Q: 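Below you will find the structure I want to go over with you.
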There are 2 protein chains.
Amino acid sequence: MGTRLDIDLDRSSPVPLYFQVAEQIAEAIRSGGLAPGARLDNEILLADRLGLSRPTIRQAIQYLVDKGLLVRKRGVGTQVVHGQVKRSVELTSLYDDLRRAGQEPTTRVLSLRPEPADEEVAAVLAVPSGTEVLRLERVRYAGGEPLALLHNWLPTGLGALTPDALRERGLYELLRAAGVRMRVANQRIGARAATPAEARLLDERRGAPLLTMVRTTYDDQGRAVEHGSHVYRASHYSLEVTLIER
Amino acid sequence: MGTRLDIDLDRSSPVPLYFQVAEQIAEAIRSGGLAPGARLDNEILLADRLGLSRPTIRQAIQYLVDKGLLVRKRGVGTQVVHGQVKRSVELTSLYDDLRRAGQEPTTRVLSLRPEPADEEVAAVLAVPSGTEVLRLERVRYAGGEPLALLHNWLPTGLGALTPDALRERGLYELLRAAGVRMRVANQRIGARAATPAEARLLDERRGAPLLTMVRTTYDDQGRAVEHGSHVYRASHYSLEVTLIER
DNA sequence: CGTCAGTATTTGTCAGGACATTCTGATGTC
DNA sequence: GACATCAGAATGTCCTGACAAATACTGACG
């Protein structure tokens, strides 16, 4: 049964050992070296072969179980899941998604300026009503066609967001680069008909169905770092979510 | 700083100790005994006070961090998150959601019978094309108004699903009661205009925006146990998703 | 030949210890 | 007074060891 798993460990690397193991198992699954349904060697044997302890191996496997790549069963063993999990639960941005799909997204920045927060925005960002917040409005294109109308509010002082930077990269990418560590996001997804203004910007007919998403993202500390209200052309885009129950 | 956390442990219980600890911390957070931003005692002190080892305490805390209730920071400590996380990532069904919101959902079963699977359904359920699968069509009401049109396909032999049972309870609930352990679900969420037939069933105008969801759910073993294609009245319902990044 | 009990295998839980890394705050120096 | 340095505190990683519980297999018995 010993599917030859060649795992190289670098003990001098700052990357934790359990993570090195997890990454290489995940890579073997992605590349097909470990087929769906294949059984992994048992934990003790794996630990022994790699010169690691069982808790370290367990941590690596647990990480992959949480991501939905592996399934464990007491008394049986650990297997690669059958159903192909496309993408794990991630804090994903439209820009990243499009780039991964090879779509070459472009962005037009409609406006980017500080504004006093209204009641609703102040409430979700947990700042006093009337505080200046950065208001951002963009149109996202893919393959030359308009895809979404993006509306964001951010607390001030989160690093330098310039129109130039926003044309070249996604908002999440810029925030991460500025040292913001996003951890939790609440999304509400709905649908409605396009207003005339939206229809014009998105090259749709008036009343065309749009996918709407309202999202608030929190960092490490639970502080709100971004609030967005986006609309997508339903004819050109859909959202994908993978849920994993512990 | 020692917020008095009264944690009772029952070592004779089959419930794991780390889980007992996690549950009681979570309860303290829910009840307000632990306010957002409050710092937990450090792991070593906690372990000492409860007579447990540090790994056990860590496992309990890790469980709550994964659920988005706590935040850890090296060199600092463990805190209760500020942003109120409404609901963790769960395999949730429309029926459960409505009941939790106190809406008293009702269901009308339009059809429930075995049918040969077409290409697409056979592919997602991973059965040979033409195999008999259970096809289920329902209308879900809340507060007397139609809310969604639900369309499901299930492999045969998953327990007795009867129209009567489906009128009284949600599909997920019935599957769980039949011993099905669902673990991973892939959802694709989109929007489109209502067809005349859909508009009639849902009491909407033709062309009204609908929220669409196509979902495949997998069990423990990675076997597909349910495939659904649902449409919701966008004017009456929206989906909520919470994402947590590890 | 079928059923039941026992046994081996494998993951789940828990203990206790050691060192590394990171963040905060205080101390000291220029 | 501002900046750099250092010590303390907390979590992160990793180790060894042990027993419990669930599952699958095997052999004996009816």
Side-chain angles (χ1 to χ4, degrees), chain A residues 1-3 7 9-23 25 37-66 69-81 179 181 183 219-221 246, chain B residues 1-3 7 9-23 25 37-66 69-81 179 181 183 219-221 246:
Chain A
M1 209 53 47
T3 311
I7 294 185
L9 294 178
D10 178 2
R11 293 193 99 99
S12 67
S13 159
V15 178
L17 292 171
Y18 82 89
F19 196 78
Q20 294 184 34
V21 174
E23 285 279 285
I25 292 176
R39 276 232 315 279
L40 255 64
D41 292 321
N42 75 60
E43 298 171 349
I44 297 169
L45 189 68
L46 267 176
D48 212 47
R49 193 152 66 217
L50 296 177
L52 296 172
S53 70
R54 193 178 156 217
T56 302
I57 295 294
R58 275 183 70 76
Q59 197 174 1
I61 293 177
Q62 186 61 47
Y63 177 79
L64 296 175
V65 168
D66 286 344
L69 289 173
L70 295 178
V71 171
R72 290 209 266 210
K73 240 173 139 181
R74 188 189 289 201
V76 180
T78 306
Q79 295 184 358
V80 179
V81 293
R181 286 182 294 189
R183 264 197 57 91
D219 74 356
D220 260 298
Q221 310 280 315
R246 291 188 58 91
Chain B
M1 207 53 47
T3 313
I7 294 184
L9 294 177
D10 179 2
R11 294 193 98 98
S12 67
S13 158
V15 178
L17 292 171
Y18 81 89
F19 195 78
Q20 295 184 33
V21 174
E23 286 278 286
I25 293 177
R39 276 233 315 279
L40 256 64
D41 291 320
N42 74 61
E43 298 171 348
I44 297 169
L45 189 68
L46 267 176
D48 213 47
R49 191 152 67 218
L50 296 176
L52 297 173
S53 70
R54 189 175 161 220
T56 302
I57 295 293
R58 275 184 70 76
Q59 198 174 358
I61 293 177
Q62 185 61 46
Y63 176 79
L64 296 175
V65 168
D66 287 345
L69 288 173
L70 296 178
V71 171
R72 289 210 264 211
K73 242 173 137 184
R74 190 189 289 203
V76 180
T78 306
Q79 294 185 352
V80 180
V81 292
R181 285 180 294 189
R183 263 197 57 90
D219 73 357
D220 259 293
Q221 311 281 312
R246 291 185 60 89

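Numbered from 1 within each chain, the chains take letters A, B, ... in sequence-line order. All values below were derived from every heavy atom in this structure, side-chain atoms included, with hydrogens, water molecules and symmetry-related copies excluded. Note that the coordinates shown come from a computational prediction; the quantities given were computed from them, not determined experimentally.
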Q: With A/Gln79 as reference, evaluate A/Arg39, A/Arg72, A/Lys73 under the side-chain contact (heavy atoms from CB on, under 4.5 Å) test and give the passing residue.
A: A/Arg39
Q: Rounded to whole Å, please give me the gap between CG in A/Leu52 and P in D/dT13.
A: 14 Å
Q: Please report the distance, rounded to the nearest Å, between NZ in B/Lys73 and C1' in C/dT21.
A: 15 Å
Q: If you only use heavy atoms from C-beta on, which nucleotide in D/dC14, D/dA21, C/dT10 is closest to the side chain of A/Asn42?
A: C/dT10
Q: A/Phe19 versus A/Glu23: any side-chain heavy-atom pair under 4.5 Å?
A: yes
Q: Distance check needed: D/dC14 P versus A/Leu50 CG, whole Å only.
A: 13 Å
Q: Rounded to the nearest Å, what distance is computed from the CZ atom of residue B/Arg72 to the C1' atom of nucleotide D/dA9?
A: 16 Å
Q: Looking at every heavy atom in both A/Leu50 and A/Ile57, which two are closest together, and how far apart are they?
A: CD1-CD1, 4.0 Å
Q: Please find the pair of heavy atoms, one from A/Gln20 and one from A/Leu9, that lie closest to each other, and give the distance.
A: OE1-CA, 3.5 Å
Q: At less than 4.0 Å, is any side-chain N or O atom of B/Arg58 found next to OP1 or OP2 of C/dA15? Yes or no.
A: no
Q: Please determine whether a side-chain nitrogen or oxygen atom of B/Ser53 lies at a distance below 4.0 Å from atom OP1 or OP2 of C/dG17.
A: no
Q: Closer to the 5' end of DNA chain C via nearest nucleotide, is it B/Gln59 or B/Arg54?
A: B/Gln59
Q: Kindly say if A/Thr56 contacts the phosphate of D/dC15, meaning a side-chain N or O under 4.0 Å from OP1 or OP2.
A: yes
Q: Under 4.0 Å between any heavy atoms, over every strand shown, what does A/Pro55 touch: base, sugar-phosphate, or nothing? Just pick one.
A: base
Q: Looking at every non-hydrogen atom in both residues, tell me the closest pair between A/Glu43 and A/Ile61 and how far apart they are.
A: CG-CD1, 4.1 Å
Q: Nearest-Å distance, CD (B/Gln20) to C1' (C/dC14)?
A: 13 Å
Q: Looking only at heavy atoms, what is the nearest atom pair of B/Ala60 and B/Ala22, with distance?
A: O-CB, 3.8 Å
Q: Using atom names, set out every protein N or O paired with an N or O of nucleotides 5-8 of chain C below 3.5 Å, distance rounded to 0.1 Å.
A:
none

Q: Does OP1 or OP2 of D/dC14 have a side-chain N or O of A/Tyr18 closer than 4.0 Å?
A: no
Q: Can you check whether B/Arg49 reaches B/Asp41 side chain to side chain, under 4.5 Å on heavy atoms?
A: yes
Q: Are the side chains of B/Thr56 and B/Val21 in touch, meaning some heavy atoms are under 4.5 Å apart?
A: no
Q: To the nearest 10°, let me know how far the axis at one end of the helix from C/dC1-D/dG30 to C/dC30-D/dG1 is tilted from the axis at the other, five pairs an end.
A: 10°
Q: When you compare the side chain of A/Arg11 with that of A/Leu52, does any pair of heavy atoms fall below 4.5 Å?
A: yes
Q: So, do B/Val71 and B/Val65 sit near enough that their side-chain heavy atoms are less than 4.5 Å apart?
A: no
Q: When you match A/Val76 and A/Val15 each to their closest nucleotide on DNA chain D, which lands nearer the 5' end?
A: A/Val15
Q: Rounded to whole Å, please give me the gap between CZ in A/Arg74 and C1' in C/dG12.
A: 4 Å
Q: Check every atom of C/dA15, D/dT11, D/dC15 against the side chain of B/Arg11 and return the nucleotide holding the closest atom.
A: C/dA15
Q: Calculate the interatomic distance between A/Ile44 atom CD1 and C/dG12 atom P; express it in whole Å.
A: 12 Å
Q: When the distance from CZ of A/Arg39 to C1' of D/dT23 is rounded to whole Å, what number comes out?
A: 11 Å
